[in-house]
Protein chains: 2
Amino acid sequence: MPKHAKEMEALIEHLGKHQLKFTRQRELILDAFLKQEHITAEEMYHQLAKKDPHLGLATIYRTLNLFCEAGLAQARHFGTQTQYDNTSHKGHHDHLICTDCGKIVEFENCDIERLQEEVATRNGFTIQTHRLELYGLCSRCRH
Amino acid sequence: MPKHAKEMEALIEHLGKHQLKFTRQRELILDAFLKQEHITAEEMYHQLAKKDPHLGLATIYRTLNLFCEAGLAQARHFGTQTQYDNTSHKGHHDHLICTDCGKIVEFENCDIERLQEEVATRNGFTIQTHRLELYGLCSRCRH
DNA sequence: ATTCTTTTTGAGACGATTTATCAATTTCAA
DNA sequence: TTGAAATTGATAAATCGTCTCAAAAAGAAT
């Protein structure tokens, strides 16, 4: 059984529903993407240049955005670039961000997630994904 | 007593400490900024164009960044643009967002906020602001 | 008030990141 | 195998924010 069978199937299902095609590039990019917790398009471009020097940057952007629509990725804007988070990596999707030095601490908190579910249910929503970012000063920068 | 005397003083104090000058533009931009909970440079540019058609976009960016350094504002990357949050507004707006129809429900949850504080403290952070977005399907779109 | 030094401003050039364009290629169902 | 529809790669273009620099303004000293 391939490493990322579940995600591959999710992608194929999304493609089918939207009359999109399964291409060599999409498979290549999915494989590379699922190995990371998060990555930028530029990083992936350089990483994949070794396997396929002709893979265009535009294709990577398009495909990562496709993954977002399929629910496999989630875009996060930080600094000047866009980070694409791998949503199959369960924890570590919440962030503490130092507004002074830019330090990022990833965390996971079950209690918060449970309360989020509660809020959603109370409002008739079914949560697919979420984004939680806490901005402040880290211990170093506070002084 | 002027509306935003406290913030104005904070700015003047910051200017004094850094050999910066108090200008008409900085006063104008501060006034406009403090009336909002958050704003982008572009929005403020158009808003202020009525009062002073010669106020340059670069000046607005520079000034909003100055406010960040003075602690009056906080930059947050959202979508493709930078939102400048007014730190004197405490109102936290967390959002439930339907990924199908785009419906947005605002909510606030004290328990979640308390847990956020806990996480931050445990990691040595002091929270200035945060952002919480829950993505999913609303009752209608779930069918 | 006038002078003088320093900072700020406005306009546009510039750099970085992402999206749009389009002809050639690939996918995939018939 | 064929053909319609989608995708790709290269690059042009758009977007956002910063940098540059001469002219203007601020503020201290005279």
Side-chain angles (χ1 to χ4, degrees), chain A residues 8 11-30 32-33 38-70 73-85 99 102, chain B residues 8 11-30 32-33 38-70 73-85:
Chain A
M8 182 70 80
L11 175 62
I12 290 175
E13 187 187 333
H14 178 88
L15 295 176
K17 276 186 186 163
H18 295 80
Q19 298 162 250
L20 304 174
K21 293 175 177 174
F22 186 70
T23 65
R24 187 179 59 80
Q25 288 89 339
R26 283 174 178 164
E27 185 174 12
L28 204 61
I29 294 171
L30 181 64
F33 176 69
H38 48 75
I39 195 167
T40 66
E42 198 77 33
E43 281 166 6
M44 178 162 287
Y45 179 62
H46 288 116
Q47 196 171 302
L48 289 182
K50 298 158 198 165
K51 293 190 179 177
D52 183 344
H54 293 294
L55 220 169
L57 186 54
T59 299
I60 296 193
Y61 274 107
R62 281 187 294 236
T63 305
L64 289 173
N65 287 334
L66 169 69
F67 291 172
C68 288
E69 280 153 30
Q74 197 187 344
R76 192 165 43 91
H77 301 273
F78 187 75
T80 61
Q81 293 197 214
T82 301
Q83 288 277 345
Y84 291 88
D85 292 353
T99 55
Chain B
M8 183 70 80
L11 175 62
I12 290 176
E13 186 188 334
H14 179 86
L15 295 176
K17 276 186 186 164
H18 296 80
Q19 297 161 251
L20 304 174
K21 292 173 178 178
F22 185 71
T23 65
R24 188 178 60 77
Q25 288 89 340
R26 283 173 179 166
E27 185 174 11
L28 204 62
I29 294 171
L30 183 62
F33 177 68
H38 49 75
I39 195 167
T40 66
E42 199 76 34
E43 282 166 4
M44 178 163 287
Y45 179 64
H46 289 115
Q47 197 170 302
L48 289 182
K50 299 160 197 165
K51 293 190 179 176
D52 183 345
H54 294 295
L55 219 170
L57 188 55
T59 299
I60 297 193
Y61 273 108
R62 280 187 293 234
T63 305
L64 288 173
N65 287 335
L66 170 69
F67 292 172
C68 288
E69 280 153 30
Q74 207 203 325
R76 195 163 47 90
H77 300 277
F78 184 75
T80 62
Q81 293 196 222
T82 301
Q83 288 278 344
Y84 290 87
D85 292 353

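In the text below, chain A, chain B and the rest are named by the order of the sequence lines, each starting its count at 1.
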For A:H54 and B:A58, take the nucleotide of DNA chain D holding the closest heavy atom to each; which residue's nucleotide lies nearer the 5' end?
->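 On the 5' side of the pair lies A:H54.
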Residues B:F67, B:Y84; criterion ring-ring contact (aromatic ring centres under 6.0 Å, His included); working and verdict = CA-CA 9 Å; B:F67 292 172; B:Y84 290 87; 8.9 Å; no
Taking atom [atom1] of [X] and atom [atom2] of [Y], what is their separation to the nearest 0.5 Å?
{"X": "B:Y61", "Y": "B:E42", "atom1": "OH", "atom2": "CD", "answer": "6.0 Å"}
{"X": "B:L57", "Y": "B:H46", "atom1": "CG", "atom2": "NE2", "answer": "8.5 Å"}
{"X": "A:Q25", "Y": "A:L48", "atom1": "CD", "atom2": "CG", "answer": "10.5 Å"}

State, to 0.1 Å, how close [X] and [Y] come at their nearest heavy-atom pair, and which atoms those are.
{"X": "A:A75", "Y": "A:C68", "value": "N-SG, 3.7 Å"}
{"X": "B:E69", "Y": "B:H14", "value": "O-CE1, 3.6 Å"}
{"X": "A:D85", "Y": "A:F33", "value": "O-CZ, 3.5 Å"}
{"X": "A:L64", "Y": "A:A41", "value": "CD1-CA, 3.9 Å"}

By nearest nucleotide on DNA chain C, pick out whichever of B:R26 and B:L57 is the more 5' one.
->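 Upstream on the strand: B:R26.
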How would you label the contact of A:L55 with the nucleic acid (heavy atoms, under 4.0 Å): base, sugar-phosphate, or nothing?
-> sugar-phosphate
Using side-chain contact (heavy atoms from CB on, under 4.5 Å) as the criterion, point out the one residue from B:L20, B:I29, B:L30 that pairs with B:L66.
-> B:L20
Side-chain N or O of [X] versus OP1/OP2 of [N]: is the shortest distance under 4.0 Å?
{"X": "B:N65", "N": "D:dT18", "answer": "yes"}
{"X": "A:H18", "N": "D:dA6", "answer": "no"}
{"X": "B:R62", "N": "D:dT18", "answer": "no"}

Using side chain to side chain donor-acceptor pair (under 3.5 Å) as the criterion, point out the one residue from B:H38, B:R76, B:Q74 that pairs with B:Q83.
->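 For B:Q83, the side chain to side chain donor-acceptor pair (under 3.5 Å) test succeeds with only one of B:H38, B:R76, B:Q74, which is B:H38.
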Roughly, in whole Å, what's the span from [atom1] in [X] to [atom2] in [N]?
{"X": "B:Y45", "N": "D:dT18", "atom1": "OH", "atom2": "P", "result": "16 Å"}
{"X": "B:R76", "N": "D:dG17", "atom1": "CZ", "atom2": "P", "result": "13 Å"}
{"X": "B:H77", "N": "D:dG17", "atom1": "NE2", "atom2": "P", "result": "8 Å"}

So where does chain A start and stop touching DNA chain C, 5' to 3', when the test is distance under 4.0 Å to a non-hydrogen atom?
-> C:dT17 to C:dC28
So, does B:R26 use its side chain to make a donor-acceptor pair with the main chain of B:K21 at under 3.5 Å?
->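 Such a contact is found between B:R26 side chain and B:K21 backbone.
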Give me the distances for all protein-to-nucleotides 26-30 of chain D N/O pairs that come in under 3.5 Å?
unit_1 : atom_1 : unit_2 : atom_2 : d
D:dA26 : N3     : B:K21  : NZ     : 2.8
D:dG27 : OP1    : B:F22  : N      : 3.0

Please list, for nucleotides 13-16 of chain D, all pairs of protein and nucleotide N/O atoms separated by less than 3.5 Å.
unit_1 : atom_1 : unit_2 : atom_2 : d
D:dC16 : OP1    : B:Q81  : OE1    : 3.2

